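Input: a single structure, listed below in C-alpha cells.
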Amino acid sequence: MPELPEVETTRRGLALKLEGRRITRIEARRPDLRFPLPKNFAKSIQGRRVEALERRAKYILIRLEGDLVWIIHLGMSGRMVMRQGWPNDIGAHDHVIFGTDEGWAVTFNDARRFGMMDLVAGSKLAAHKLLAGIGPEPLDDAFTAKVLLEALKGKKAPMKAALLDQTVVAGLGNIYVCEALFRAGIHPEKLAGQVKPAKLELLVPAIKAVLTEAVKAGGSSLRDYVQSDGELGYFQTRFRVYDREGEACVTCKAGVRRIVQSGRSTFYCGRCQK
DNA sequence: CACACAACCTGTCAGC
DNA sequence: TGCTGACAGGTTGTGT
C-alpha cells in the first residue's frame, strides 16, 4: 500500500545506506515491470555514486552522479528490502537487486508488478511524463485550503475520487483519503466542487495530520508492507475507518460503512461525515 | 474535457 | 483439502 507515508518511510530507510555510496553491482532479473525498463538500465546505474534520495508524490527519486535520476514507483505491492551482503535466497518476485561499495544490498520485490522504474536526465526531471502534471505535495506549506478549493472548483467527481487524483494533490491513496475525509467530517460521495470552503479548511489540516502521523509511525503495515530495514510499520492500528466495515465509529458509535467508488472500497461514517 | 470503468498481475482469504 | 470468486496499497488507457 505504498501511499505517501510508506514511500517516504522507504526513502528514508534507503537514504541511510545509499546516500554518498557507490552502486557497485545491479541486476535486473526481468526486462520489464509495469513498463519495459529503459535501455541499458543496469549498465547506466552501475558504478555511479548516489548523491541524494528524494520523493515526489509516490515516486522515489534517486539522484545519481552525472546528472541521472532513477525514478522508482512501488505500485501496489512493491517493497524495498535492505540487507548486508548480496542475497543468496532470491525469490521469484525479486525483480531488481543492487548493492553498494559498503556491502549493503537492496532488493526490489513486487509480486503484482504494477511498479515502475525509469531513468531521466536531472535537467529533464520535471518534464518527465510520470511527474509532469502532478499536484502539490500535501505536506508543503504551499498546499492550503485555498489551493485545494481552486483545484476542486467545478469538479463533479465525488470527493473520494477527487482526492485520489494525483493532479489535485500528490501522494494520497485509498487508505489516507478515507482517513482524511473522516477526520474532516466530509462524506466521500459529496461532489468535490460543492464542498464548502469551511470544510476544506478542516480537510487540509486533516490530510497533513494523518500523513504526518503515519510517516512518524513508519508507514502502515497493512498486509505485508515492510520498511526497508525489515521492520513492520504500525500505523494500521490507528485507522479510524479504513477496513473497519461494521465496527463502531470511534466518534459516534454508529456502524462504519463500506461502499465502492470508482472500483475501490470506501469506508466512512454516515453519521459523522456529511 | 471530465469522468467512469476495465485492464494490468499475483497472492490471499472466505465460503462451499 | 481443493476450488472459486472477491478483493488488495496504483496508474494508465479506452470509451462515453
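Predicted, not measured: the structure shown is a model, and the values here were computed from it. These numbers come from the heavy atoms of this one structure, side chains and all, not from hydrogens, waters or symmetry mates.
Between R63(A) and E54(A) there is a salt bridge, with a side-chain nitrogen of the basic residue lying less than 4.0 Å from a carboxylate oxygen of the acidic one. In this structure, E137(A) pairs ionically with R56(A), as a charged nitrogen and a carboxylate oxygen lie closer than 4.0 Å.
Comparing dC3(C) with dC9(B), their P atoms sit 24 Å apart, to the nearest whole Å.
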Handout entry: Under 4.0 Å protein heavy-atom contact, by nucleotide of nucleotides 4-10 of chain B - B base, S sugar-phosphate only
Key = S---BBB
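As a whole-Å value, the separation of F35(A) CZ from dT11(C) P is 11 Å. Distance, L131(A) CG to dT11(C) C1': 13 Å, rounded to whole Å. Rounded to whole Å, atom C1' of dT11(C) lies 17 Å from atom CD1 of I72(A). Computed from coordinates, the N174(A) CG to dT11(C) P distance equals 11 Å when rounded to whole Å. Atom P of nucleotide dA8(C) and atom CD of E6(A) are separated by 16 Å, given to the nearest angstrom. Rounded to a whole Å, the CE atom of M76(A) is 13 Å from the P atom of dC7(C). Whole-Å rounding puts the M117(A) CE to dT11(C) P distance at 15 Å. The NE2 atom of H128(A) sits 14 Å away from the C1' atom of dT11(C) (whole-angstrom rounding).
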Handout entry: From CA spacing to verdict: salt bridge (charged side-chain N to carboxylate O under 4.0 Å, His left out), E27(A), R25(A)
Key = CA-CA 7 Å; E27(A) 289 181 10; R25(A) 181 177 176 185; 3.0 Å; yes
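Taking side-chain N and O atoms only, Q166(A) has a distance below 4.0 Å to OP1 or OP2 of dT11(C). The shortest distance between the side-chain N/O atoms of S77(A) and the OP1/OP2 oxygens of dA8(C) is not below 4.0 Å. Listed pair R264(A) / dC7(C) fails the phosphate criterion, with no side-chain N or O lying under 4.0 Å from OP1 or OP2. For dA2(B), the OP1/OP2 oxygens have no side-chain nitrogen or oxygen of K155(A) closer than 4.0 Å.
At least one donor-acceptor pair closer than 3.5 Å links the side chain of K58(A) to the backbone N or O of L172(A). Between the side chain of R49(A) and the backbone N or O of L64(A), no donor-acceptor pair lies under 3.5 Å.
When both pairing distances are held under 3.5 Å, dC9(B) makes no Watson-Crick or G-U pair with any nucleotide shown.
D110(A) and S77(A) form a side-chain donor-acceptor contact under 3.5 Å, judged by distance and modelled atom types alone.
Residue-level contact check: L130(A) touches the backbone only, with heavy atoms under 4.0 Å from sugar-phosphate atoms and none from bases.
For Y59(A) and W70(A), the gap between ring centers reaches or exceeds 6.0 Å.
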